[in-house]
K.L.:
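Just passing along the structure, written as structure tokens.
Since this is a predicted model, take the numbers as computed values, not measurements. Order of the sequence lines fixes the chain letters, A, B, ..., with proteins taken first and strands second; residue numbering starts at 1 for each chain.
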2 protein chains.
Amino acid sequence: MSRHPQLDLDAQLCFPLYAATRAVTRAYGPLLREFGLTYPQYLTLLALWGDDEPMTVGDLGGRLRLDSGTLTPVIKRLEQAGLVTRQRDTLDERRVLVTVTAAGRDLQDQVAHIPARLVEAFGLDEDESRQLHRLLGRLLDRLDGELPESTTR
Amino acid sequence: MSRHPQLDLDAQLCFPLYAATRAVTRAYGPLLREFGLTYPQYLTLLALWGDDEPMTVGDLGGRLRLDSGTLTPVIKRLEQAGLVTRQRDTLDERRVLVTVTAAGRDLQDQVAHIPARLVEAFGLDEDESRQLHRLLGRLLDRLDGELPESTTR
DNA sequence: CGCAATTCGATTGCGCACAACTATATTGAG
DNA sequence: CTCAATATAGTTGTGCGCAATCGAATTGCG
């Protein structure tokens, strides 16, 4: 055993959080695969569907808390799949505007059943889900809150 | 806005979970970097410190819920850093035994202060931490429980 | 206006995750 | 004992995450 009880894997929050996230991502895998999507691609679409378009790469990054190094290739794959378009903003050539295509909008209806499937797989009752959601929100606010949380929302 | 309210990013558990995990990993980054470790490498050491050695690659995978495709390169980097050794089990040549070196054991004392630093950064009180831990545990049990949870624990 | 500072996105490099597959070793049925 | 089935780690290929850097566009100070 470890010389320091606080170093025990299961005694901390970090490992259960890490393992649970990967388990959830794995649970989404087969459902999203049906539509040729990965989990980060799906989240990117959720962000686009839930905001006014077009969004810039920076807007998406602020929403998803991902930088351009991660997002650029993800968006390019969504573009390749015909779900979004990318175009330089003519008013500010530094920006790239991301817009959902008709096919991308249609996908909303096809994936709309997925969240309920996952909630079922999670096996938490409504009260537990709400608590977990609240605690994760507090954690996020505390850890990411000091960052330049975009004022575009 | 989305045509389906259940597709809203923040209304679900999946995105807060995903974002919180990345925020926590980022929070560990600078603290672990001081010792030349990444977060998965740190978790791998925690698993080794917390169990009887030597552990096989499969044992580690069962503990961390990672497969050999992920663990093999992680362990090789820990070996490169002089923190663990790898050797074939002479009794069963399929297995690889991972053992912590003296330097690896010494690292325990140096990182022992890190969990408390993170707990502080999380900004959750004791009760909230316990609740979050419990809920994540339930989620993990439910999602990973059906897998061949190794009997070596 | 002129030019330094800033913004924005893309690029590069590294290290995970994981699926799919391979090679080798062990086990077990007949 | 033989050989098919299984167990185990490693390899390969794809797709994130993120730090660091770059190049181009924009802004703002003097």
K.L.:
For B/Tyr42, what residues pass the ring-ring contact (aromatic ring centres under 6.0 Å, His included) criterion, not counting sequence neighbours?
P.N.:
B/Tyr28
K.L.:
With respect to the side chain of A/Gln41, which nucleotide from D/dC16, D/dA9, C/dT11 is positioned closest?
P.N.:
D/dC16
K.L.:
Go through D/dG17, C/dA17, C/dC16 for me and flag the one nearest to the B/Leu66 side chain.
P.N.:
C/dA17
K.L.:
Looking only at the side chain of A/Thr56 (C-beta and beyond, no hydrogens), which of the listed nucleotides C/dG9, D/dT26, C/dA17 gets closest?
P.N.:
C/dG9
K.L.:
Using the side-chain heavy atoms of A/Thr70, tell me which of these nucleotides is nearest: D/dC18, D/dA9, C/dT24.
P.N.:
D/dC18
K.L.:
Choosing from D/dC16, D/dG10, C/dG9, which nucleotide comes nearest the side chain of A/Arg77?
P.N.:
D/dC16
K.L.:
Please determine whether any donor N or O and acceptor N or O are separated by less than 3.5 Å between the side chain of B/Arg95 and the base of D/dT8.
P.N.:
no
K.L.:
Measure across B/Leu83 and B/Leu37 and return the closest heavy-atom pair with its distance rounded to 0.1 Å.
P.N.:
CD1-CD2, 3.9 Å
K.L.:
If you compare every side-chain N and O of A/Thr25 against the phosphate oxygens of C/dA17 (OP1, OP2), does one of them come in below 4.0 Å?
P.N.:
no
K.L.:
Assign each of A/Pro73 and B/Pro73 to its nearest nucleotide of DNA chain D by heavy atoms, then name whichever residue's nucleotide is nearer the 5' end.
P.N.:
B/Pro73
K.L.:
Only counting residues at least two apart or in another chain, list the ones meeting side-chain hydrogen bond (donor to acceptor under 3.5 Å, both in side chains) with B/Arg134.
P.N.:
A/Glu128
K.L.:
Rounded to the nearest angstrom, tell me the gap between atom CZ in A/Arg26 and atom C1' in C/dC16.
P.N.:
14 Å
K.L.:
Of A/Arg94 and A/Tyr39, whose nearest nucleotide on DNA chain D comes first from the 5' end?
P.N.:
A/Tyr39
K.L.:
Between the protein and nucleotides 20-23 of chain C, which nitrogen or oxygen pairs come in under 3.5 angstrom?
P.N.:
unit_1: C/dA20; atom_1: OP1; unit_2: A/Arg33; atom_2: NH2; d: 3.4

